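Notes follow the structure.
All chains are named by letter (A, B, ...) in the order of the sequence lines, taking the proteins before the strands, and each is independently numbered beginning at 1. Here the structure is a predicted model, which is why all the values come from computation and not from measurement.
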Amino acid sequence: MLEKTFDFTTREKEIYDHWDDSGAFKCGQRPNADPFTIILPPPNVTGNLHIGHALNHTLQDVLIRWHRMRGRDVLWQPGMDHAGIATQMVVERQLDEGNIRRHDMGRQGFIDRVWEWKEESGGMIFNQMRRLGQSCDWSRQKFTMDDGFATAVLKKFVDLYNDGLIFRAKRLVNWDPHFCTAISDLEVEQREVNGNYWHFKYPVGGEEGRFLTVATTRPETMLGDVAVAVHPDDDRYKDLIGKTLTLPLVGRKMIVVADEHADPEKGSGAVKITPAHDFDDHQVGKRHDLENINIFDEHARLNDNVPAKYRGMDRFEARKLIVADMDALGLLDKVEPTVHMVPYGDRSGVVIEPWLTDQWYVDAETLAKPAIEAVEKGKTKFVPKTWEKTYFEWMRNIEPWCVSRQLWWGHQIPAWYGPDGEIFVAENETDAQKLADVHYGEIKEIVRDEDVLDTWFSSALWPNATLGWPEKTPELERYYKSDVLVTGFDIIFFWVARMMMDGLYFMDGEVPFETVYVHALVRDENGAKMSKSKGNVIDPLELADKYGADALRITLAAMEAQGRDIKMSDKRVEGYRNFGTKLWNAAKFCEMNDCFSSDRDFNPQSANQTINKWIIGEAEKAAALVTKSLEAFRYNDAAAAVYQFTWGTFCDWYIELIKPQFFDNAEEAKETRKTAAWVMDMILKMLHPFMPFVTEELWQNSADKRETDLILATWPEYDANNVDENAANEINWLIQLISDIRTARAEMNVPAAAKVNMLVSGADDITKEALKAQNDVLCRLARLEDIATLAGDPPRGAISVVVGEATYYLPLSGVIDIEAEKARLAKSLEKLEKEIASVAGRLANENFVSKAHPQVIEDNKQGLEEAKAKAEKTKEALQRLASMN
RNA sequence: GGGCGGUUAGCUCAGUGGUAGAGCACUACGUUGACAUCGUAGGGGUCACUAGUUCGAACCUAGUACCGCCCACCA
């Protein structure tokens with residue numbers, strides 16, 4: 001016996017464990033089947049499941065479960081990312097609490113500590129994923145710091161280096177003074193900030209009292225100024241070009257250079273040049289062979305290259321002091337408030353400093369070329385397609401990628417330096433030493449680069465390294481490339497683009513995935529981005545606790561329409577929880593009426609009754625729609641199709657229509673029991689990818705024995721032989737008639753409990769047959785006492801309903817309000833006449849008739865005829881009422 | 001500055017050329033032996049605006065307004 005409701009709190013876990021124990025998630029069990037692969041975007045080892053994960057994972061699991069049921073050899077490859085900065089941050093914070101400093105532990109000690117942390121607290125997210133029913137192949141779980149991964153990363157670095165695609169260079173980088181590491185362009189976040197233009201006056205050499213005014217948003221960088229640039233065509237300053245200026249506070253002599261970088265329209269038209277601390281100025285400096293004067297240390301405090309007074313100061317403290325000092329000298333022309341963009345580190349949240357350092361770079365431009373071409377040629381497709389533009393835009397303007405990080409947690413760069421700084425890159429120290437020996441002709445000590453690689457350098461290998469690359473494993477052979485990558489747009493650049501580059505470079509030009517499905521971002525119910533600081537974070541696990549994982553899953557899928565963000569709210573989940581309850585109750589109905597023990601080998605084509613033929617056909621159509629929608633990644637359509645069929649068709653109509661058979665325990669109920677059981681199975685199957693738990697539970701409980709669990713059951717592929725259009729026509733007519741009678745009754749305030757007689761007039765033979773066949777259900781659902789053919793005039797005080805060619809009279813024992821009935825019919829007539837006028841007008845339009853699709857014209861003609869007939873009948877009914885006065 | 005997306009019922013959103021839809025909310029009524037986490041019925045929309053293309057436009061084109069996101073080295 002099914003309980004009153006599904007006890008998801010205890011059953012979800014049991015069902016999940018059952019699947020897991022049975023090995024249902026494991027790949028490789030169908031060696032003759034086509035593989036279907038999805039690689040899970042590896043969550044950070046520090047990660048906790050947020051609603052974005054819940055969406056991302058659910059969309060993948062829907063595809064995975066669906067293809068598993070379609071018979072594919074499914075691999076959903078899970079794993080975690082070591083997340084360099086994020087993880088180092090977490091562990092350092094823990095150490096802080098114990099008053100331990102990272103540097104006191106030493107590098108190896110710290111790394112050991114991180115591994116310890118990983119073993120204890122890492123990967124909590126996987127347990128959370130299990131709770132939501134995600135069916136990854138956990139036996140193949142990977143980590144980007146695994147030994148195998150390390151091998152892959154080393155090979156990648158060495159190969160790219162040897163091919164000239166990785167190089168070391170001294171350049172301006174985005175320096176994070178909090179973490180004391182370089183970061184890539186992508187990790188810099190431009191924020192709008194209220195600031196000032198400080199206008200400084202620089203004295204012109206040899207011309208007492210003459211000044212050149214420059215404006216800056218960063219006064220502290222003036223200590224590193226080496227020049228002022230003016231536009232070569234700017235008449236105001238032409239005579240100053242080549243002249244000398246004195247840098248106040250420092251006393252350095254600087255020159256005025258002509259450079260098109262200076263915009264005459266902006267500020268004073270003269271711009272100070274700080275080549276060591278500004279990306280633009282650096283270019284200007286290169287053009288004019290200017291000195292780079294670095295004024296900051298790694299914490300962005302002023303260093304010894306500035307006057308003693310400022311040394312050791314924080315950059316923002318120095319800013320205040322410098323402004324004050326300039327003001328005191330009378331060299332502060334004015335201060336002008338402005339709003340401008342300031343670069344911040346996305347992890348640290350501190351202002352990024354352009355800083356001149358030696359770093360490792362990947363020649364992304366070269367790697368991007370084939371990756372662009374692959375998408376242009378359609379070898380990889382983005383869905384929705386519009387994201388291809390975003391991808392192209394970035395890839396075509398890509399800059400060298402800084403991949404070295406001054407951190408401890410990560411893959412250490414496999415580069416060694418000789419005593420003179422000569423670089424030796426190899427997969428291990430022995431090989432590097434050999435290179436050095438050859439180079440020097442004698443044995444000299446080499447020292448390994450201290451830095452580690454950007455986390456994305458390794459995660460870019462996720463599609464192939466998880467399968468064993470660079471080894472030529474059978475898994476790599478079988479499951480690479482993957483079929484679909486499901487991801488949010490926020491990591492197209494970070495991750496998708498880089499996997500494309502690596503796949504094409506290292507996998508013989510084979511793309512890592514055929515399709516990239518880019519899904520929505522989940523926002524709160526007001527459309528705001530969720531963040532911890534705003535406190536508007538919706539916890540998916542809380543929702544799962546409250547409404548069940550199934551409800552959360554189908555909500556997310558149903559809200560995933562292409563091309564828009566999702567605004568999440570409890571209300572939506574509640575609605576789908578109700579849907580689960582509805583399904584449960586439908587199953588209970590089946591159980592109570594002995595459908596559960598029915599013959600499961602039922603052949604739907606053996607059904608004789610119209611009602612059964614109809615529901616079988618409708619189930620086929622629904623399944624076809626789900627399949628079609630999923631093939632197009634239209635999750636919302638797929639969820640809506642199964643929801644609508646289950647609730648709106650099966651529950652609202654079919655169950656109601658078959659009740660009389662069951663209650664009378666008629667002979668025909670035998671077939672109907674089998675049909676109901678068959679349709680329930682269809683529902684469970686097509687709903688399973690969305691609501692795996694409750695469907696599996698019902699699957700197990702709705703038959704004496706099942707050959708397989710639902711998770712491995714066969715997906716219903718469309719079978720046209722199961723669709724009977726005649727049956728559909730008859731039941732559609734029946735539904736129309738019942739609905740119209742109900743509406744008329746409600747509008748005429750006929751008490752719901754009142755059973756009335758019905759007299760039929762003008763019915764053709766087909767309708768007469770149908771009326772006879774559907775007599776019982778019609779009476780039941782429309783609350784009719786008896787149905788008879790009208791002989792003679794309709795009785796006084798009857799409501800009339802027109803459906804098709806026939807008119808149906810409901811005589812009420814003299815209590816109807818004739819005026820109200822007249823008004824009701826008049827309203828209906830008015831609507832019909834409006835429609836007739838519109839359609840007739842269209843058909844009278846020569847252009848329409850000559851240019852529209854024949855099918856459209858045919859539909860219009862038919863619609864017109866039907867409307868006319870119905871209007872005629874309605875008019876008759878009205879006249880009859882009028883004559884009664 | 002460049003690019004992308006949005007504007008449809010009170011709310012959240014589907015709907016990409018053929019008579020405007022769903023869920024929630026709202027109103028009325030609840031007869032029924034799966035279900036009140038429910039049933040039946042109902043009200044509610046110049047599809048942001050303007051101009052085009054078309055026999056026909058929520059949908060295609062151009063523009064306008066407002067909102068959001070991404071990218072960008074401008075002092």
Side-chain angles (χ1 to χ4, degrees), chain A residues 2 4-5 185 190 197-199 214-218 221 228-229 261-263 266-274 278-283 338 340-341 343 354 386-387 389-390 393-394 397 489-490 492-493 521 523 525 527 529 547 551 558-559 561 563-569 571-572 574-593 634 636-637 640 643-644 648 651-652 655-656 659 662-663 739 742-747 749 751-755 780-781 783 834-835 838-839 842 845-853 855-857 859-860 863 867:
Chain A
L2 294 175
K4 190 165 165 32
T5 52
D185 297 344
Q190 301 288 339
Y197 283 131
W198 282 276
H199 294 254
V214 294
T216 180
T217 55
R218 304 206 48 202
T221 61
V228 169
H261 166 63
D263 182 349
K266 278 221 171 96
S268 64
V271 55
K272 68 193 255 323
I273 302 298
T274 324
D278 183 284
F279 288 99
D280 285 333
D281 292 6
H282 194 67
Q283 294 307 314
T338 183
H340 62 131
M341 301 300 268
T386 175
W387 290 107
K389 276 187 201 163
T390 308
E393 174 68 16
W394 189 68
N397 297 300
F489 62 82
D490 48 337
I492 289 179
F493 302 147
L521 220 66
R523 299 173 177 279
E525 55 193 319
K529 208 168 174 172
Y547 302 109
M559 299 207 308
R564 213 194 293 228
D565 291 343
I566 292 178
K567 288 181 196 167
M568 192 66 189
S569 80
K571 266 275 178 259
R572 302 298 298 265
E574 197 182 316
Y576 286 98
R577 186 273 318 265
N578 294 353
F579 173 62
T581 307
K582 188 77 182 176
L583 172 74
W584 187 263
N585 283 310
K588 280 187 73 173
F589 173 83
C590 289
E591 181 186 44
M592 290 169 70
N593 290 287
R634 303 187 67 95
N636 59 328
D637 289 344
Y643 180 99
Q644 162 56 31
C651 291
D652 286 352
I655 287 184
E656 294 306 326
K659 274 179 181 172
F662 287 166
F663 298 156
S739 300
R742 282 171 171 172
T743 302
R745 286 176 60 125
E747 282 183 2
N749 293 315
K755 284 199 170 188
R780 180 184 164 82
L781 297 185
R783 301 298 296 165
K834 224 169 159 181
E835 190 187 329
S838 153
V839 179
R842 196 175 308 143
N845 182 337
E846 218 173 280
N847 280 324
F848 174 72
V849 178
S850 62
K851 291 182 181 172
H853 281 289
Q855 186 58 52
V856 172
I857 295 169
D859 290 351
N860 271 274

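- To the nearest whole angstrom, the two P atoms, one in B/A25 and one in B/U12, are 15 Å apart.
- Of the candidate nucleotides B/U37, B/G18, B/G15, B/U37 has the atom nearest to the side chain of A/Thr5.
- Distance, A/Asn593 CG to B/U32 C1': 14 Å, rounded to whole Å.
- Within the nucleic acid shown, A/Lys755 has no heavy atom closer than 4.0 Å to any nucleic acid atom.
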Report summary line: Secondary structure of RNA chain B per the Watson-Crick/G-U criterion (both distances under 3.5 Å; [ ] crossing, | other strand, . unpaired) is ((((((((.[[[[.)..(..]]]].(((((.......))))).....[[[[[..)....]]]]])))))))....
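- Across all strands, A/Glu393 comes closer than 4.0 Å to no nucleic acid atom at all (heavy-atom distances).
- With distances taken from any side-chain atom of A/Asn845 to the nucleotides B/C55, B/U16, B/C70, the minimum falls on B/C55.
- Annotation: B/C26 and B/A9 have their C1' atoms spaced 12 Å apart (nearest Å).
- For the pair A/Asn585 CG and B/C35 P, the computed distance is 7 Å after rounding to whole Å.
- For A/Asn578 and A/Glu574, the side-chain atoms include no donor-acceptor pair closer than 3.5 Å.
- For the pair A/His853 and A/Ser739, nearest-nucleotide mapping onto RNA chain B gives the more 5' position to A/His853.
- Atom CD in A/Glu747 sits about 11 Å away from atom P in B/A41, given to the nearest Å.
- When the P atom is used for both B/U8 and B/U50, the distance is 16 Å, rounded to whole Å.
- Taking for each of A/Asn636 and A/Asp859 the nucleotide of RNA chain B with the nearest heavy atom, the 5'-most of the two is the partner of A/Asn636.
- One N or O donor and one acceptor, one from the side chain of A/Lys582 and one from the base of B/C35, sit under 3.5 Å apart.
- Annotation: side chain to side chain donor-acceptor pair (under 3.5 Å) contacts of A/Lys582 (sequence neighbours excluded): none.
- One can find a donor-acceptor pair under 3.5 Å joining the base of B/U37 and the side-chain atoms of A/Arg577.
- In this structure, NZ on A/Lys588 lies 7.0 Å from CG on A/Leu2, to the nearest 0.5 angstrom.
- Of the candidates B/G5, B/G15, B/A34, B/G5 carries the atom nearest the A/Thr386 side chain, counting heavy atoms from C-beta on.
- Contact annotation: A/Lys851 reaches the phosphate of B/C55 (side-chain N/O to OP1 or OP2, under 4.0 Å).
- Formation of a donor-acceptor pair under 3.5 Å by the A/Asn585 side chain with backbone atoms of A/Thr581 is found in this model.
- For A/Phe493, the side-chain atoms get nearest to B/C70 when compared with the rest of B/U37, B/C70, B/U40.
- Using atom C1' as the reference point in both B/U54 and B/G17, the two lie 9 Å apart (nearest Å).
- Across all strands shown, A/Ala262 has heavy atoms under 4.0 Å from base atoms, whether or not it also approaches the sugar-phosphate.
- Residue A/Tyr576 is classed as having no contact, given no heavy-atom separation below 4.0 Å to the nucleic acid.
- Nucleotide B/C35 holds its P atom 12 Å from the CD atom of A/Glu591, rounded to whole Å.
- The aromatic ring centroids of A/Tyr643 and A/Tyr576 lie less than 6.0 Å from each other.
- Of all nucleotides listed (B/A41, B/C38, B/A34), B/C38 comes nearest to the side chain of A/Asn578.
- For A/Lys389 and B/G2, the NZ to C1' distance is 13 Å, given to the nearest whole Å.
- The aromatic rings of A/Trp394 and A/Phe493 sit parallel, their planes meeting at an angle under 30°, below the 60° perpendicular limit.
- Nucleic acid contact class of A/Thr743 (heavy atoms, under 4.0 Å, all strands): sugar-phosphate only.
- The residue A/Asp490 sits apart from the nucleic acid: no heavy atom pair falls under 4.0 Å.
- Among the protein residues, A/Arg783 comes within range of the nucleic acid bases, having at least one heavy atom under 4.0 Å from a base atom.
- Across all strands shown, A/Phe279 has no heavy atoms under 4.0 Å from either base or sugar-phosphate atoms.
- Nucleotides B/A20 and B/G56 have their C1' atoms positioned 15 Å apart, rounded to a whole Å.
- Look at CD1 on A/Ile492: it is 11 Å from P on B/C71, rounded to the nearest Å.
- Atom OG1 of A/Thr221 is separated from atom CZ of A/Arg218 by 6.0 Å, given to the nearest 0.5 angstrom.
- We find that CG of A/Asp637 is positioned 8 Å from P of B/U16, with the value rounded to whole Å.
- Using a 4.0 Å heavy-atom criterion, one finds that A/Arg572 contacts the bases of the nucleic acid, with or without backbone contacts as well.
- The separation of B/G10 from B/A72, taken at their P atoms, amounts to 41 Å, rounded to a whole angstrom.
- For the side chain to side chain donor-acceptor pair (under 3.5 Å) test, no residue two or more places apart in sequence or in another chain qualifies with A/Asp280.
- Minimum interatomic distance between A/Ala586 and A/Cys651 (heavy atoms only, all atoms of both residues): CB-SG, 3.7 Å.
- For the pair A/Ser838 (side chain) and A/Lys834 (backbone), a donor-acceptor distance under 3.5 Å is absent.
- Atom CZ of A/Phe579 and atom C1' of B/A34 are 15 Å apart (whole Å).
- With distances taken from any side-chain atom of A/Met341 to the nucleotides B/A72, B/U40, B/U31, the minimum falls on B/A72.
- Comparing the P positions of B/G44 and B/A22 gives an interatomic distance of 14 Å, to the nearest angstrom.
- Between A/Arg745 and A/Pro751, the shortest heavy-atom contact is NH2-O, 3.2 Å.
- One can find a donor-acceptor pair under 3.5 Å joining the base of B/A34 and the side-chain atoms of A/Glu656.
- If you check every strand for non-hydrogen atoms under 4.0 Å, A/Cys590 touches nothing.
- Taking the P atom of each, B/C59 and B/G15 are spaced 14 Å apart, rounded to whole Å.
- When the side-chain nitrogen and oxygen atoms of A/Arg742 are compared with OP1 and OP2 of B/G39, none of them lie within a distance under 4.0 Å.
- Side-chain proximity of A/Gln190 to B/A34, B/C73, B/C55: nearest is B/C73.
- Counting only heavy atoms from C-beta on, A/Ala746 has its side chain closest to B/A41 among B/G18, B/A41, B/G23.
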